[in-house]
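The sequence lines fix the lettering, A, B, ..., with proteins before strands; numbering per chain opens at 1. None of the values given here were measured: they were computed from a predicted structure.
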Amino acid sequence: MTEANTNRGVLFDVKQCIGCGSCTVACKLWNDLGYEKPDVAGNAHGFDVELTDKNWTIVTYNREKDANGKDVLRFLKNQCMHCKEPACISVCFAHALYIDENGAVVCDPAKCAGCRYCMIACPYSVPKYEWDKVFPSIQKCQMCDSKIAAGEATSCSAVCPTGALTFGDRDELLALAKKKIAADPSYVNHVYGETEGGGTRWLYISDVPFEKLGLPINVPNTPINDYLHGYLKYTPVVFLGGGALFAALSIYTKRRAKVAGHGEGDE
Amino acid sequence: MKDTTAQAKNKISFKITPARGILLVLGLLSICLIVYRLINGLGVTTNLNDQWPWGLWIFIDLAAIALAGCGFSIAVITHVFHIKKFKPLTRRALLLSFLLYIVALLILFIEIGRWDNFYTPIYSFAFTSPLYEVFMCIVLYFLMQAIELLDISIERFNPPARSKISKIMPVVVIIACLLPFGHQASLGAMYLGMPQKLSAIWSSAFLPWSFLINSFFAGLAVVVLEYHFFSKHYRQPKDNAMMTGLTRVIAVIMLGYFVLKIIDLAARGAFGLVFDGSLEGNMFLLEMVIGVIIPIIFGLSSLVKKTSGQIFMATFVVIGLLLSRFNVIFVGMIKTLGNSYVPSWIEIAVIPGLFALAIFIYLFAVENLPIFQAANREYDAFAGREKHAGYEVVSK
Ligand code: SF4
Ligand code: SF4
Ligand code: SF4
């Protein structure tokens, strides 16, 4: 673990996960998150789990068929993907979200104005809101940034008993993922997160198709920022060019009207 | 201003009639609900949730801001192109637009989850966010409109002092013409950030320009409605030819908009989606037929020579605009976000009162500021007629 590495991530191997949910408990304990009421479909672990302000990570159950057509249970751990070029940061109009010095995407509640644009723009719908609070904050996985700053693994990957979660340098994890895929033909030949949304720091490999596990496979490889920039780059042109044009037109059309004999003062 | 009765003296006059009382009560009710919302938070007062973080209030905001396009569309026509015919509408459109922005800003204030942090974006310089551009442009534009209205108030209450402010007015006017081009388009650009969530019918690089153009012509339609309703209310002389002209302008711009929409769909190969019988496709067709095709046919025919035709057309344009925003915010997102959101009663109940308040302020403003008078002066200058004798304050 080199210090000041902003390129850290976690590799999740679907094939190795046994669905014990240790990671979700570790996350709650480390981040002091508390539990949803039982009647809310927001238990950290179970069949109806959803990401919420208190569930920064969840493990979902999926009955699937593996490469040999055998019925299998497959589990998927969800949390913030810690995108390399995060949509949430691009859209935040308060600069409350940022990539901190450890490479984690985090939110500064002191700046957040609560527009919730990040919630709707995140391709994985990760940021959640403290709806029950009068002054709520955005809540999501912070990649245990204080832990990784100290050179430790994230809580969730540290407790994983099967090695389904591997914490490390993203480039090394990517190489590891590709090595695993090459060595075992039952894996789907794609590292989810390598290119999605411009690349994510959390990576997935699996032996059942990713869409079957509920991962969105229509996330464009282009970072969301590029879509926005395609429009926003015209802003200076609109304001400077438009300003000059309008001023010129205004003076011109006014003079023309005066010459035509309908002269009058400006409004 | 010697030709007016109510404004002969430097006195403010405003009669509270029963109808106005109702407006005021509705407004106060909204303010109570706003206070309740600010004290209790979003979760208690709204049905917004993690799946649907944006709901009815965002819709009203986007719709109100788009309809407030009347301010910049009329200003561009009369201040930039100096098309004299429409000068009488300048101040009315300005006032109307200003009031719609007040509504929009108030709703925005209760819509954001952290109203105590409403100012943090101002110095965030978040240039990658279209919402930042929206926010900054709206705040600045609101200021510019306030200065323009201040200028009008000075003309009314202290005419000699007007020379002090008149030097900066041309600059203010140009900036005010320009800013909305930024935020109207950026409101559409906000939806560029969710290409994989918004239905491909709307998800397009053209969306910002689509928002810009339809706010421009829908703003003009709002002016048509305002003109007819309040001219009648205040027994003002109406200039039918001017309104016919305006509806023609709307129709021509809409024709261009329609063609661009078709080109956009064709270029992205999204035509199939429109006619596949899905909810999204059908709603888009509705938006186009009611909000665009019918008004264009009306606007280019002789039907808009009559007041009823003008009102009919303008109403359809406004409905079309509401549909266009509704489709992007709700219909286009249903497939990805699910159907877990129905607005709460508070979300709904807060809205009518805000518009009632806007109407109340409108009535007060036109009865105490030279909004119509200036209009009549412009009208007379153009038509070369005798001066009209101000307006009568009607009480209903
Ligand atoms: S997954 Fe969503 S919340 Fe996490 S960094 Fe990416 S865009 Fe942001
Ligand atoms: S809710 Fe807060 S963190 Fe999210 S985009 Fe808005 S201001 Fe930024
Ligand atoms: S990295 Fe930390 S915050 Fe994120 S899911 Fe794992 S334990 Fe939770």
Participant: Quick check on A:Ile89 against chain B: is it the side chain, the backbone, both or neither that has a heavy atom closer than 4.5 Å?
Facilitator: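 Contact with chain B is through the backbone of A:Ile89 alone.
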Participant: Extract all donor-acceptor atom pairs below 3.5 Å that involve side chains of residues 111-121 of chain A and protein atoms in other chains or at least two apart in sequence.
Facilitator:
unit_1	atom_1	unit_2	atom_2	d
A:Arg116	NE	B:Pro53	O	3.0
A:Arg116	NH1	A:Gly114	O	2.9
A:Arg116	NH1	B:Glu111	O	2.9
A:Arg116	NH2	B:Pro53	O	3.0
A:Arg116	NH2	B:Glu111	O	3.4
A:Arg116	NH2	B:Glu111	OE2	2.4
A:Tyr117	OH	B:Met190	O	2.4

Participant: Can you say whether A:Lys133 sits under 4.5 Å from chain B via the side chain, the backbone, both, or neither, judging by heavy atoms?
Facilitator: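 Interface part for A:Lys133: backbone (N, CA, C, O).
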Participant: With a 4.5 angstrom heavy-atom cut-off, is it the side chain or the backbone of B:Val76 that approaches chain A, or both, or neither?
Facilitator: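 When you check distances to chain A, only side chain atoms of B:Val76 fall under 4.5 Å.
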Participant: Check A:Leu51 against B:Asp50 and note the closest heavy-atom contact, atom names and distance.
Facilitator: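 Closest pair (atom of A:Leu51, atom of B:Asp50, distance): O-OD2, 4.2 Å.
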Participant: For B:Ile39, is it the side chain, the backbone, both, or neither that has a heavy atom closer than 4.5 Å to a heavy atom of chain A?
Facilitator: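 The backbone, not the side chain.
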Participant: Taking all non-hydrogen atoms of both residues, which atom of B:Arg114 and which atom of A:Ser137 are closest, and how far apart?
Facilitator: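 Scanning both residues completely, I find the closest heavy atoms to be NH1-OG, 4.0 Å.
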Participant: Can you tell me which portion of A:Tyr234 sits under 4.5 Å from chain B's heavy atoms? Options are side chain, backbone, both or neither.
Facilitator: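 Looking at A:Tyr234, just its side chain touches chain B.
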Participant: Of the listed residues (B:Cys177, B:Ser186, B:Gly188), which shares the most heavy-atom pairs with chain A below a 4.5 Å separation?
Facilitator: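 Highest number of pairs under 4.5 Å: B:Ser186.
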Participant: Where is the tightest heavy-atom contact between A:Pro216 and B:Gln196, given as atom of each residue plus distance?
Facilitator: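 Minimum heavy-atom separation between A:Pro216 and B:Gln196: CB-NE2, 4.0 Å.
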Participant: Quick check: under 4.5 Å, non-hydrogen atoms only, which of residues 92-99 of chain A neighbour chain B?
Facilitator: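 Near chain B, by residue number: A:Cys92, A:Phe93, A:Ala94, A:His95.
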Participant: Do A:Tyr129 and B:Leu42 have side chains that approach each other closer than 4.5 Å (heavy atoms only, starting at C-beta)?
Facilitator: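 Yes, their side chains come closer than 4.5 Å.
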Participant: Measure A:Asn218 against the heavy atoms of chain B and call it side chain, backbone, both or neither at under 4.5 Å.
Facilitator: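 A:Asn218 touches chain B through backbone and side-chain heavy atoms alike.
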Participant: If I measure from the heavy atoms of chain B, does A:Ile251 come under 4.5 Å with its side chain, its backbone, both, or neither?
Facilitator: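 Neither the backbone nor the side chain of A:Ile251 comes within 4.5 Å of chain B.
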Participant: Is B:Asn117 reaching over with its side chain to a backbone N or O of A:Ala110, donor-acceptor style, under 3.5 angstrom?
Facilitator: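 Yes, because the side chain of B:Asn117 sits within donor-acceptor range (under 3.5 Å) of the backbone of A:Ala110.
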Participant: Just give me the residue among A:Ala248, A:Ser125, A:Pro123 that pairs up with chain B most often, heavy atom to heavy atom, under 4.5 Å.
Facilitator: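 If we count pairs closer than 4.5 Å to chain B, A:Pro123 comes out on top.
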Participant: Please classify the contact of B:Phe135 with chain A as side chain, backbone, both or neither, using a heavy-atom distance under 4.5 Å.
Facilitator: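 Contact with chain A involves the side chain of B:Phe135 alone.
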Participant: Do A:Leu232 and B:Phe127 come close enough that some side-chain heavy atom pair is under 4.5 Å?
Facilitator: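 The answer is no, as the side chains (C-beta and beyond) never meet within the 4.5 Å cut-off.
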Participant: Output the option from B:Ala185, B:Gly113, B:Gly43 having the highest count of non-hydrogen pairs under 4.5 Å with chain A.
Facilitator: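 Of the candidates given, the most pairs with chain A belong to B:Gly113.
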Participant: Just by distance, do the side chain of A:Ser90 and the backbone of B:Thr128 share a donor-acceptor pair under 3.5 Å?
Facilitator: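 Checked: no pair found.
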Participant: Between the side chain of B:His82 and the main-chain N/O of A:Ser250, is any donor-acceptor distance below 3.5 Å?
Facilitator: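 Yes.
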Participant: Quick one, A:Glu50 with B:Gln51, criterion side-chain contact (heavy atoms from CB on, under 4.5 Å). Give me CA distance, side-chain angles, the key distance, then yes/no.
Facilitator: CA-CA 10 Å; A:Glu50 275 171 18; B:Gln51 281 66 49; 3.9 Å; yes
Participant: Keeping A:Thr235 on the side-chain end and B:Gly182 on the backbone end, is there a donor-acceptor pair under 3.5 Å?
Facilitator: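 A pair under 3.5 Å: no.
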Participant: Evaluate side-chain contact (heavy atoms from CB on, under 4.5 Å) for A:Phe239 paired with B:Cys137, printing each intermediate quantity in order.
Facilitator: CA-CA 11 Å; A:Phe239 284 142; B:Cys137 285; 3.6 Å; yes
Participant: If you count heavy-atom pairs under 4.5 Å between each of B:Phe81, B:Trp52, B:Phe118, B:Tyr123 and chain A, which one has the most?
Facilitator: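 Highest number of pairs under 4.5 Å: B:Phe81.
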Participant: Mind telling me whether A:Tyr231 and B:Trp209 have parallel, tilted or perpendicular rings, with 30° and 60° as the class edges?
Facilitator: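 The rings of B:Trp209 and A:Tyr231 sit tilted, inter-plane angle from 30° to 60°.
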Participant: Give the member of A:Pro136, A:Gly242, A:Ala87 that has the highest number of heavy-atom pairs under 4.5 Å with chain B.
Facilitator: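 Counting heavy-atom pairs under 4.5 Å, the top option is A:Pro136.
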Participant: Within the supplied structure, the quantity of interest is the number of heavy atoms (other residues, nucleotides, ligands) at a distance under 6.0 Å from A:Tyr252 OH; does it exceed 12?
Facilitator: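 Not buried by this count: 12 neighbours or fewer within 6.0 Å.
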Participant: With a 4.5 angstrom heavy-atom cut-off, which part of B:Ala205 approaches chain A: side chain, backbone, both or neither?
Facilitator: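 For B:Ala205, there is no contact with chain A at all, as no heavy atom is under 4.5 Å.
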Participant: Among B:Leu179, B:Leu207, B:Ile175, single out the residue with the greatest number of heavy-atom pairs under 4.5 Å to chain A.
Facilitator: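 Top option by heavy-atom pairs under 4.5 Å: B:Leu179.
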Participant: Side chain from CB out, backbone as N, CA, C, O: work out which of these in B:Phe125 comes under 4.5 Å of a heavy atom of chain A, or both, or neither.
Facilitator: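 Only the backbone of B:Phe125 comes within 4.5 Å of chain A.
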Participant: For A:His190, look at atom NE2 and say whether over 12 heavy atoms of other residues, nucleotides or ligands are found less than 6.0 Å away.
Facilitator: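 Yes, the 6.0 Å shell around NE2 holds more than 12 heavy atoms from other groups.
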Participant: Mind checking the OG1-CG spacing from A:Thr52 to B:Asn49? Nearest 0.5 Å is all I need.
Facilitator: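 Separation between the atoms: 12.0 Å.
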Participant: So which residue, A:Asp132, A:Leu245, A:Val219, A:Asp226, ends up with the most heavy-atom pairs under 4.5 Å with chain B?
Facilitator: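 Counting heavy-atom pairs under 4.5 Å, the top option is A:Val219.
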Participant: Side chain, backbone, both or neither: which part of B:Pro208 has a heavy atom under 4.5 Å from chain A?
Facilitator: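 The answer is the side chain of B:Pro208.
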Participant: Does the pair B:Ser129 and A:Leu228 meet the rule for a side-chain contact (heavy atoms from CB on, under 4.5 Å), with working shown?
Facilitator: CA-CA 7 Å; B:Ser129 171; A:Leu228 303 174; over 6 Å; no
Participant: Hey, mind stepping through A:Tyr227 and B:Tyr191 against side-chain contact (heavy atoms from CB on, under 4.5 Å) and telling me if it holds?
Facilitator: CA-CA 10 Å; A:Tyr227 287 86; B:Tyr191 281 84; over 6 Å; no
Participant: Can you tell me which portion of B:Leu38 sits under 4.5 Å from chain A's heavy atoms? Options are side chain, backbone, both or neither.
Facilitator: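 Interface part for B:Leu38: backbone (N, CA, C, O).
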